[in-house]
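The structure under discussion appears below in the form of structure tokens.
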Amino acid sequence: MIQEALQEIQRGTAEIIDSERIEKLLTAFVKEGKTYTVKAGFDPTAPDLHLGHTVLLHKLATFQKFGARIQFLIGDFTAQIGDPTGKSETRKQLSAEQIQINAESYKTQVFKILDPEKTDVVFNASWLNELGSVGMLELTTTFNVARMLERDDFEKRYKSQTPISISEFMYPLLQGYDSVALKSDIEIGGTDQKFNLLMGRHLQRTYEVGKEQAVLMMPILEGLDGVQKMSKSLGNYIGVEDAPNDMFGKILSVSDELMWRYYELLSDKSLKEIEALESGVREGTLHPKKVKESLAHEITARFHGEDAAVAAQVEFNKVHAKSQIPTDIAEFELDAPIWIAKALQECAIEPSTSQARRDIKQGAVKIDQVKVSDEQLQLEKGEYVLQVGKRKFARAKVK
RNA sequence: GGUGAGAUAGUCAAGUGGCCAACGACGGCAGACUGUAAAUCUGCUCCCUUUGGGUUCCCAGGUUCGACUCCUGGUCUCACCA
């Protein structure tokens, strides 16, 4: 039991510091029913979560299974400084109301993965405001500049003479102090957070909390292209709020290789179950597409419910496997007669008539499932389903 | 403050008076093959119903029959020096 729990906790991690301590906490839980705390910090900026963020949440959920209470920390105080990690700009400040709105929005998204019963949502302003200037100065005496500059991005910026504000030095200290205030047993974060996470250990020692948190780091999830990290700006993400059909489709479009990565980091299936799937595929008894569908189903169901997931799967097969027309497509009213290229543009499935003409030449355009070869075609009165490629559809009512 | 370099399509990056709507790479879209896979191959990738027309290569002027390419001024970015 303990070994199994430990394996699930280690699953997919990039690095663990002090895994003995984690093992002890697990043992205490299994043998004596003792709970422990796991801290994870989040920015109160707009919580537009994608699956990359949920990797961390998943790990938290795993911990909940094995006796942890989650300290879901919203860094409303620290947001005023802005974590310098990977960024060079100072950021804009958020109003108190905005932070509150964002926090609420976090909760609705996050509790699809986490068990609210075992989660405490905390704001670090509640103790950092208390600290006062004396406490703040005291905090600064616990560390020195040379060591602070060891942090990777500080070092780089210092060497390249990019300005570093003194307040930025406060960020790791304050994040570490959060661990003192919360007396966390474990803290988890991304690999880029290593320095800050370790600061928690350092400060817990200096403030004599009586324990030093273990640290667990999760890797960055690759996006749909399988190479770069999942991020909104790169457009290779699967958003938590994506519509069921999109979500399902996006997951299915991922490469087989990447699928296993997603299984490891995003699925609730146990390691054993996943291994069984892998060997099944290797031996040819399981079709990789089936395995991928099952993953897509699991994730879609998590965010949209079982029914929506089933519907998305049915819809997907209808459109792609049987190449039929999707159920829900946008409708447009047009005036007859209308040139086909113009109609495609009006229906927003082509950006310009030039592009439309090119696609017609390539045989990518269909009307009611029939390929269009005449680029001069005029549409008369009637209702048509226009299609470009495999996934762009529109219903045109020509009057 | 001084000196030098540079600003080209979604990104990177050629072109340095006509052959330029502008090489190439990446990305994107489409077609073939498929499991909507991935990989691979092929085509396309400013706009306009196109053997053609229009508007582009930071901005404003100028030289020229003709400028992304030359000149003047401006804006911004970067590097080195102070």
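What you see is a predicted model, and the numbers here were worked out from it, not measured in a lab.
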Inset, instruction - Take the protein atom NZ of A:Lys250 and the nucleotide atom P of B:G35, then report the distance between them rounded to whole Å. - result: 25 Å
Inset, instruction - Go through B:G35, B:A38, B:A30 for me and flag the one nearest to the A:Ser255 side chain. - result: B:A38
Inset, instruction - Rounded to the nearest angstrom, tell me the gap between atom CZ in A:Arg357 and atom C1' in B:G53. - result: 12 Å
Inset, instruction - Give a yes or no on whether the backbone of A:Met217 and the side-chain of A:Gln193 come within a donor-acceptor separation of less than 3.5 Å. - result: no
Inset, instruction - May I ask whether A:Leu197 and A:Ile188 are part of the same hydrophobic cluster, defined by side-chain heavy atoms of I, L, V, M, F, W, Y residues being less than 4.5 angstrom apart, directly or through others? - result: no
Inset, instruction - Check whether any side-chain heavy atom of A:Pro219 sits under 4.5 Å from a side-chain heavy atom of A:Leu265, and report yes or no. - result: yes
Inset, instruction - Round to the nearest Å and state the distance from A:Trp260 atom CH2 to B:A38 atom P. - result: 17 Å
Inset, instruction - Select base, sugar-phosphate, or nothing to describe what A:Ser354 touches, counting heavy atoms under 4.0 Å on all strands. - result: base
Legend entry - Pairwise C1' distance, B:C68 and B:C58 [rounded to whole Å]: 12 Å
Legend entry - Rounded distance (Å) that lies between atom P of B:A30 and atom NZ of A:Lys366: 12 Å
Inset, instruction - For A:Val254, report the nucleic acid contact type (base, sugar-phosphate, nothing); a contact means any heavy atom under 4.0 Å. - result: sugar-phosphate
Legend entry - Residues in salt bridge (Lys or Arg N to Asp or Glu O under 4.0 Å) contact with A:Lys399, at least two apart in sequence or another chain: A:Glu333
Legend entry - Among B:U50, B:C29, B:U45, the one nearest A:Lys392 by side-chain distance: B:C29
Legend entry - Pair A:Glu264 + A:Arg11, salt bridge at N-O below 4.0 Å: no
Inset, instruction - Hey, could you give me each pair passing side-chain hydrogen bond (donor to acceptor under 3.5 Å, both in side chains) that has a residue in residues 237-259 of chain A? Not counting sequence neighbours. - result: A:Asp242-A:Lys250, A:Asp256-A:Lys292
Inset, instruction - Select base, sugar-phosphate, or nothing to describe what A:Gly226 touches, counting heavy atoms under 4.0 Å on all strands. - result: nothing
Legend entry - Nucleotide of B:A30, B:C47, B:G35 approaching A:Lys289 most closely (side-chain heavy atoms): B:G35
Legend entry - Closest listed nucleotide, where the reference is the side chain of A:Ala364 and the choices are B:A30, B:U50, B:C44: B:A30
Legend entry - Nearest-angstrom distance from the residue atom NZ of A:Lys361 to P of B:U45: 9 Å
Inset, instruction - Please check if the side chain of A:Gln355 supplies one atom and the backbone of A:Ser352 the other of a donor-acceptor pair under 3.5 Å. - result: no
Inset, instruction - Could you note down all residue pairs passing ring pair (Phe, Tyr, Trp, His ring centres under 6.0 Å) where residues 273-308 of chain A supplies at least one of them, sequence neighbours left out? - result: none
Legend entry - Atom pair distance, as rounded to whole Å: CD in A:Glu222 and C1' in B:A38: 15 Å
Inset, instruction - With C1' as the reference atom in both, quote the distance from B:A21 to B:C44 in angstrom, rounded to an integer. - result: 15 Å
Legend entry - Electrostatic pair A:Arg282-A:Glu278, nearest N-O below 4.0 angstrom: no
Inset, instruction - Using whole Å, report how far CH2 of A:Trp339 lies from P of B:C47. - result: 12 Å
Legend entry - A:Pro351 vs A:Asp359, nearer the 5' end of RNA chain B by closest nucleotide: A:Asp359
Inset, instruction - Go through the structure and list residues passing side chain to side chain donor-acceptor pair (under 3.5 Å) with A:Thr37, not counting sequence neighbours. - result: A:Asp185
Inset, instruction - Answer with base, sugar-phosphate or nothing: what part of the nucleic acid does A:Lys342 contact at a heavy-atom distance below 4.0 Å? - result: nothing
Inset, instruction - Treating a pair as Watson-Crick (purine N1 to pyrimidine N3 plus N6-O4 or O6-N4) or G-U wobble (N1-O2 and O6-N3) with both distances under 3.5 Å, list the stems of 3 or more consecutive pairs that involve RNA chain B. - result: B:1-7 with B:75-81, B:10-12 with B:24-26, B:27-32 with B:40-45, B:46-48 with B:52-54, B:58-62 with B:70-74
Inset, instruction - Using a 4.0 Å heavy-atom cut-off, write out nucleotides 21-28 of chain B from 5' to 3' as B (base contacted by protein), S (sugar-phosphate only) or - (no contact). - result: --------
Inset, instruction - Give a yes or no on whether a donor-acceptor pair under 3.5 Å exists between the nucleobase atoms of B:G31, that is its base, and the side chain of A:Gln362. - result: no
Legend entry - Inter-nucleotide P distance (B:A25, B:C41), Å rounded: 12 Å
Legend entry - Residue met sooner reading RNA chain B from 5', once A:Val388 and A:Ala341 are mapped to nucleotides: A:Val388
Legend entry - CD1 on A:Ile74 to OG on A:Ser126, rounded to 0.5 Å: 11.0 Å
Legend entry - C1' spacing across the pair B:G27 / B:C76, given as an integer number of angstrom: 27 Å
Legend entry - Whole-Å P distance, B:G66 and B:G73: 23 Å
Legend entry - Span that lies between the P atom of B:C71 and that of B:A82, in whole angstrom: 31 Å
Inset, instruction - Consider only side-chain heavy atoms of I, L, V, M, F, W and Y, link residues closer than 4.5 Å, and tell whether A:Leu271 and A:Ile16 are in one cluster. - result: no
Legend entry - Touch class at under 4.0 angstrom, heavy-atom based, for A:Gln387 against every strand present: nothing
Legend entry - P spacing across the pair B:A14 / B:C23, given as an integer number of angstrom: 14 Å
Inset, instruction - Measure from the side chain of A:His287, starting at C-beta and using heavy atoms only, and say which of B:G35, B:C44, B:U50 lies closest. - result: B:G35
Inset, instruction - Measure from the side-chain heavy atoms of A:Lys390 and tell me the nearest of B:C47, B:C29, B:C33. - result: B:C33
Legend entry - Nearest-Å distance once atom C1' is located in both B:C26 and B:U45: 13 Å
Inset, instruction - May I ask you to evaluate whether A:Gln345 reaches the phosphate of B:C48, defined as a side-chain N or O under 4.0 Å from OP1 or OP2? - result: yes
Inset, instruction - Return the value, rounded to whole Å, for the distance between atom CD of A:Glu375 and atom C1' of B:G52. - result: 14 Å
